[in-house]
Amino acid sequence: MAKTKTVFICQNCGHKHPKWQGRCDSCGEWNTLVEEIVEAVKRSFSGSVSSVSPVPLASADISKVERVPSGFSEFDRVLGGGIVPGSAILLAGEPGIGKSTMLLQMALKMAGTDKKLLYVAGEESVGQIKMRADRIGPGKSGENILLLAETSAEQSASFFDDVDAVVIDSIQAMSSGDLASAPGNVAQVRQCAAIFIERAKRLHIPVFLVGHVTKSGAIAGPKVLEHAVDVVLTIEGDRQSELRLLRSTKNRFGATGEIGVFSMAETGFIEVENPSAAFLGHHDKPVPGSVVFAGMEGVRPLFVEIQALAAPAAYGPPQRVVQGLDQRRIILLAAILEKRAGIPLSRQDLFVNVIGGVNLDERSADLAVILAIVSSFRDIPIDNGTAVLGEVGLTGELRRAPRTLPRLKEATRLGFSRIIMPDSREKLPTIKDIITTKVKDIFGAFNAVF
Ligand code: TYD
Ligand code: MG
């Protein structure tokens with residue numbers, strides 16, 4: 001049989017090399033060579049190519065976007081209302097965060113509704129998966145789930161025919177015989193994904209690809225896959241806590257920004273119906289350095305506790321240790337506090353955490369961070385019936401906040417008595433049992449809480 005021809009192309013300058021080497025001959029960059037196929041061998045399962053012809057936009061058929069429920073309503077919400085057949089969904093996350101558990105649990109739920117699934121285990125044995133399945137749903141019939149312990153992409157793809165959905169766990173463990181590179185390598189990941197996605201689209205079934213990322217998101221795998229798949233989901237959370245957030249960062253069939261909230265229990269994932277209550281710390285009395293941020297994730301309010309600790313820097317330059325927020329933003333906010341409010345933070349170590357392992361990218365968290373830092377610095381607690389929001393500008397002014405009404409409603413629902421916020425464009429109805437304190441700048445906020 002003819003062998004597929006490959007070359008190693010430098011991703012920096014495009015120079016081609018016949019063999020892998022650490023350094024590019026042409027531009028001198030290190031570790032930039034990626035194996036690419038020059039001449040593909042026709043795959044045996046390519047089958048008959050469907051004769052597709054262009055159709056006028058006006059008569060394009062949209063009825064095909066029917067969605068299949070996954071059995072997890074939180075999962076369906078993030079997908080935009082269920083699984084779209086023929087879609088490729090990447091589930092990324094750090095090792096041990098619960099990717100295999102979530103997909104196996106979903107497979108069991110779907111199998112319960114008479115769907116047939118193929119679970120390709122590239123990392124674990126069939127026995128290990130069976131043990132996990134027993135833990136999640138003991139006694140559940142696994143008749144509809146086919147397990148395949150296989151790392152060859154071509155072999156695995158040949159079993160896609162008679163099932164309604166496929167799980168590949170994980171894409172980094174798979175390899176294609178067409179390439180000489182090791183599994184997990186950029187070229188392998190890309191090639192295997194292409195094989196699975198092409199096959200799944202042809203058969204009009206969804207394929208779930210598990211992708212590992214490191215703490216810094218550094219491994220090439222999921223990044224190169226983002227372009228190839230229709231939906232990118234990530235599981236995040238603090239492994240010390242049982243809460244997990246499912247987030248979509250790309251979705252060709254729905255809005256991104258939606259989150260699903262789960263709790264990891266002894267028997268797999270449980271959907272969390274009241275996420276704000278789950279993420280809030282429970283303090284009997286107010287403590288310095290803790291502030292509740294009235295946040296939004298997608299269309300859903302999510303209240304989280306932000307904690308800060310300011311302590312005199314003993315040695316060398318002061319530390320800025322941040323978890324769940326952009327570190328540069330914290331440095332900026334500390335500079336605003338130093339310059340505008342005269343708070344000498346340049347000789348203080350600062351530690352800022354978002355409780356529960358959530359990553360916040362909303363600018364409206366600024367005011368909560370600032371108040372938490374000042375509260376810790378002055379050692380004065382802020383009343384724990386207060387929630388805050390607002391983006392802080394360079395002069396210390398507060399910007400108008402978007403979507404305040406759902407946050408206010410959530411605040412009352414959770415039993416907060418006061419919310420501190422910038423002026424908003426929305427005309428707000430008066431809401432019972434909650435005082436809204438509108439402030440113009442950080443000084444207004446200090447006056448309101450201290
Ligand atoms: P896993 O799904 O194997 O993670 P990943 O595939 O992302 O690497 O989940 C790993 C963790 O989940 C492991 O530490 C054990 C825990 N776990 C539970 O707490 N409850 C359960 O029911 C299961 C199956 C796992
Ligand atoms: Mg796993």
Side-chain angles (χ1 to χ4, degrees), residues 70-72 74-75 78 89-112 117-142 145-151 153 156 165-175 183-184 188-189 192-193 196 207-223 225 229 231-249 259-272 278 356-359:
S70 67
F72 268 132
E74 290 289 297
F75 200 90
V78 178
I89 299 156
L90 172 68
L91 182 64
E94 288 169 37
I97 199 85
K99 301 178 294 297
S100 303
T101 305
M102 183 167 288
L103 290 180
L104 186 60
Q105 208 169 346
M106 181 203 72
L108 283 164
K109 284 178 190 276
M110 286 177 76
L117 288 101
L118 175 68
Y119 193 108
V120 182
E123 297 178 350
E124 292 166 306
S125 69
V126 165
Q128 276 171 303
I129 300 204
K130 170 75 175 146
M131 270 161 59
R132 187 181 284 128
D134 285 344
R135 193 169 164 187
I136 295 169
K140 260 199 192 144
S141 132
I145 299 181
L146 301 172
L147 298 180
L148 178 71
E150 177 62 79
T151 54
S156 307
V166 177
V167 173
I168 305 289
D169 189 358
S170 68
I171 191 73
Q172 275 106 348
M174 308 307 288
S175 62
Q188 281 288 8
V189 166
C192 294
F196 295 135
V207 57
F208 293 87
L209 307 173
V210 169
H212 297 294
V213 293
T214 58
K215 197 119 197 129
S216 55
I219 290 220
K223 273 280 170 239
L225 285 172
V229 298
V231 181
V232 179
L233 304 178
T234 52
I235 306 186
E236 55 187 57
D238 180 353
R239 261 188 286 169
Q240 313 301 324
S241 103
E242 71 282 3
L243 289 167
R244 299 284 184 274
L245 247 72
L246 184 72
R247 207 189 274 280
S248 81
T249 51
I259 56 156
V261 184
F262 295 86
S263 160
M264 174 67 101
E266 267 307 300
T267 52
F269 283 107
I270 298 170
E271 294 171 278
V272 175
V358 194
N359 287 322

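Order of appearance sets the numbers: ligands from 1, and atoms from 1 within every ligand. As the structure is a computational prediction, the values presented were derived from the model and not from experiment.
- At the top of the distance list for atom 15 (C) of ligand 1, counting protein heavy atoms only, stands Arg135 NH1, 4.4 Å.
- Regarding atom 3 (O) of ligand 1, its nearest protein heavy-atom neighbour is Arg132 NH2, 3.0 Å.
- For Phe72 and Phe269, the ring centers are positioned 6.0 Å apart or more.
- For the pair Ser170 and ligand 1, no heavy-atom separation below 4.0 Å is found.
- No donor-acceptor pair under 3.5 Å is formed between the side chain of Glu236 and the backbone N or O of Leu245.
- Which of Gln105, Glu266, Met264 comes nearest to atom 12 (O) of ligand 1 through a heavy atom is settled by distance: it is Met264.
- Looking only at atom types and distance, the side chain of Glu123 has a donor-acceptor partner in the side chain of Ser170 under 3.5 Å away.
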* Evaluate side-chain contact (heavy atoms from CB on, under 4.5 Å) for Phe262 paired with Ile235, printing each intermediate quantity in order. => CA-CA 10 Å; Phe262 295 86; Ile235 306 186; over 6 Å; no
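- In terms of protein heavy atoms, atom 9 (O) of ligand 1 is closest to Thr101 OG1, 3.4 Å.
- The contact set between ligand 1 and Ala265, taken as ligand atoms under 4.0 Å from a residue heavy atom, comprises 18 (C), 19 (O), 20 (N), 21 (C), 22 (O).
- Shortest contact from atom 22 (O) of ligand 1 to any protein heavy atom: Gly268 N, 2.6 Å.
- Of all the heavy atoms in Ser156 and Val120, the pair that sits closest is OG-CG1, 3.6 Å.
- Below 3.5 Å of separation, one finds an N or O of Lys99 facing an N or O of ligand 1.
- In this structure, the side chain of Gln172 engages the main chain of His212 through a donor-acceptor pair within 3.5 Å.
- The nearest pair of heavy atoms linking Glu124 to Ala149 is O-CB, 4.4 Å.
- For atom 11 (C) of ligand 1, the nearest protein heavy atom (residue, atom name, distance) is Gly96 O, 3.6 Å.
- Atoms of ligand 1 found under 4.0 Å from any heavy atom of Thr267 (numbered from 1 in listed order, with element): 22 (O).
- Close approach of ligand 1 to Ser100 (heavy-atom distance below 4.0 Å) involves ligand atoms 2 (O), 5 (P), 6 (O).
- Under 2.8 Å from the Mg ion (ligand 2) lies an N/O/S atom of Ser100, whether from backbone or side chain.
- Under a 4.0 Å criterion applied to the non-hydrogen atoms of Pro95, ligand 1 contributes the atoms 8 (O).
- Using a 4.0 Å cut-off between charged side-chain N and carboxylate O, Lys99 and Glu94 make no salt bridge.
- Taking a 4.0 Å cut-off on heavy atoms, Gly98 registers as neighbouring ligand 1.
- Using modelled atom types, no side-chain atom of Glu74 and backbone atom of Glu271 make a donor-acceptor pair closer than 3.5 Å.
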